[in-house]
Amino acid sequence: MPVLASARYGKDNVRVYKVHRDDKTGVQSVTEMTVCCMLEGQIETSYTKADNSVVVATDSIKNTIYIKAKEHPVNPPELYASHLGQHFLDSYPHITSAHIKVVVHRWTRMTIDGAPHPHSFFRDGQETRNVDAVVARGQGIDLKSSIVGLQVLKSTGSAFHGFVRDEFTTLAETWDRILSTDVDCTWSWKRFPTVAAVHEGVERFDKAWESARNITMKTFATDESASVQNTMYKMSEQILEAVPEVERVGYSLPNKHYFEIDLSWHKGLKNTGKDAEVYAPQSGPNGLIKCEVARS
Ligand SMILES: O=c1[nH]c(=O)c2[nH]c(=O)[nH]c2[nH]1
């Protein structure tokens, strides 16, 4: 006899835009985000017995995403996600947890003739600020914040040598290479008991995002990198140090390879080793290096 081992449903890819208009100054601020909201609870019979009486329609979930964006601030996304998740527990006794994902897209204010423009913005990269919230009945709110898709490259200051050499090895050791990655950095907060606790000291979330971003970039730029592994560990350590309420930091970093091209076949051109200038960026395969660093 089969059993429903797990079940969760909701609405994904709900795109939301919110504007804030400052009537005094005429300055407008915008937020664009993509939201996923999934519910768990006593919903088994909808799967096993065609019992839709336990189903909050995914269309209603979508509507709720809009209404909560109207009723509450959407910044920081950690607070919005907490309000949204809590709503489903408060409204539906048979729902036991809400899993919210918010992806915030960049709209950076334009500078026109040296001054910030009051209502014009541009997308300065595919980087997003993400939040994963789990609001579970009787258990509080678990929040994970992240930076995803921040593309970085350094043209020197990275080495990789001393690795295992055996009959499978072709890679040459290097003391000077290009290092490039798409940063995926996640920091997990100590559990919050209530939405009120998330709200109290809410500026912590923007500060942590700024710290994580600055630490990531500064360490990437200034570390004489021995490996992706070692550099990401140094980043994680510093974020834990900078944000006391964070329990765990994780990175997932592709190692995006740039291959040297031997052009000596053309008029003896020197383009390898210390003479390398023109490289071939690779779409794949790429290394993929991950870690999570927790407090001891
Ligand atoms: O920083 C690196 N870590 C590795 O584990 C690895 N493996 C590899 O081929 N190149 C690299 N670079």
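Remember, predicted model here, so these are calculated numbers, not experimental data. For ligands, and for the atoms within them, numbers begin at 1 and follow the listed sequence.
- For the atom pair NE2 (His99) and CG (Leu39), the distance works out to 8.5 Å, reported to the nearest 0.5 Å.
- Each of the atoms 1 (O) of ligand 1 lies under 4.0 Å from some heavy atom of Ser227.
- Proximity to Gln229 (heavy-atom distance under 4.0 Å) selects the following atoms of ligand 1: 1 (O), 2 (C), 3 (N), 4 (C), 5 (O).
- Residues Glu210 and Arg213 are not paired through a salt bridge, judged by the lack of any N-O separation under 4.0 Å between the basic side chain and the carboxylate.
- Using a 4.0 Å cut-off to heavy atoms of Val228, the atoms of ligand 1 that qualify are 1 (O), 2 (C).
- Side chain of Arg204 to main chain of Val198: a donor-acceptor pair is present (N/O by atom type, distance under 3.5 Å, no hydrogens or angles).
- Summary of contacts: the protein heavy atom closest to atom 10 (N) of ligand 1 is Phe160 CE2, 3.4 Å.
- Listed by number with element, the atoms of ligand 1 under 4.0 Å from a non-hydrogen atom of Arg177 are 1 (O), 2 (C), 10 (N), 11 (C), 12 (N).
- Glu40 and Ser97 share a side-chain donor-acceptor pair at under 3.5 Å.
- Between Arg177 and Asn255 there is a side-chain heavy-atom pair separated by less than 4.5 Å.
- In this structure, Glu78 pairs ionically with Arg129, as a charged nitrogen and a carboxylate oxygen lie closer than 4.0 Å.
- The proximity of Met232 to ligand 1, defined as any non-hydrogen pair under 4.0 Å, does not occur for either the backbone or the side chain.
- For atom 9 (O) of ligand 1, the nearest protein heavy atom (residue, atom name, distance) is Leu171 CD2, 3.4 Å.
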